[in-house]
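Written below as structure tokens is the structure these notes are about.
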Amino acid sequence: MSWGLDGVGVRLGDATALDDVTITVEPRAITAVVGGDGAGKTTAARVLVGLTPASSGRVRRPASIGYQPESSGVWRDLTVTENLQLVAGAHGVRSGEAARRIGELLDATDLTAARDRLGGRLSGGMRQKLGVAMALLPDPDLLVLDEPTTGLDPVSRLELWAFLARTVESGTAVLLTTTYYDEAARASSIVALDDGRVLATGPLERVLGAMPGAVFEVGSGGGPRSWRRRGRWRLWSPDGTAPPGSTPVDPDLADAVIAAALARREAA
């Protein structure tokens, strides 16, 4: 059984935070919700776990959910072990089972040596891994992580993704939000949000194939259809016509999402 949002809308005061958003999260798979600040990623995650009510549409969630908020959720004045014990108690996990789960998760996240260290004295990467371990402690059917790799160094990001890859092998469904397009491209399914609306959805190949127009590398930019990538300018052509002196580009996920956002705004 899959989980997710079906045509969900969310109103926060006079603002529309989500507009007809559909997200499907499958067991044994990672679904990445990607977008910039204010795109609606955190709202979507909070609706899925029940912290923000949907104004319209349907939410499908299991009884057992693990959730890591954007702040990591770690109590800084508790040790690593105490953080996990507190979560175990909140979920009613019996002491013997809690001890076993804590030991497994400390090993899996390479935090065993830091088990007596205060949360406030952990590195950013260790704190994020502890937050994921806390969300996983009740052995949830659905794991929801809100920007778990924000601010981490590249090595810590790779380690966290490797841990999540092992997690889904047990059957857990994972949804994570991220601003990193290279990370989202690793997921089984991608949902790109912009201003609370779905720009593109599906596996990477489908998102790239659905990109409107074409992308070219140009000598200079600055116009409304151009952006800078890796020290060079790229330009979106809505009808695929190559600008003079340009070079065609095989678009990546970031290019495809930018092109889809530009197309939507020009059509509005």
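All values below come from the heavy atoms of this structure, side chains included, with hydrogens, waters and symmetry mates left out.
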Query raised in the report: How about Thr177 and Asp146: does a side-chain donor come under 3.5 Å of a side-chain acceptor?
Result: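 Distance-only check passes for Thr177 and Asp146.
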
Neighbour count >12 (heavy atoms, 6.0 Å) for atom [atom1], [X]:
| X | atom1 | answer |
| --- | --- | --- |
| Arg166 | CZ | yes |
| Arg121 | CZ | no |
| Arg11 | CZ | yes |
| Asp250 | CG | no |

Requested in this report: If a pair satisfies salt bridge (Lys or Arg N to Asp or Glu O under 4.0 Å) and one of its residues is in residues 30-48, list it, with sequence neighbours excluded.
Outcome: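 For residues 30-48: Lys41-Glu147.
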
Are any side-chain N or O atoms of [X] and backbone N or O atoms of [Y], one a donor and one an acceptor, separated by less than 3.5 Å?
| X | Y | answer |
| --- | --- | --- |
| Asp19 | Arg197 | no |
| Arg115 | Gly103 | no |
| Arg101 | Leu137 | yes |
| Arg225 | Trp236 | no |
| Ser56 | Gly9 | yes |

If you look only at distance, which donor and acceptor atoms sit under 3.5 Å apart when one is on a side chain in residues 204-218 and the other is two or more places apart or in another chain?
none

Requested in this report: Please check if Val8 and Leu193 belong to a single hydrophobic cluster, counting links between Ile, Leu, Val, Met, Phe, Trp and Tyr side chain heavy atoms closer than 4.5 Å.
Outcome: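 Yes, because Val8 and Leu193 connect within a single hydrophobic cluster, where side-chain heavy atoms sit under 4.5 Å apart.
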
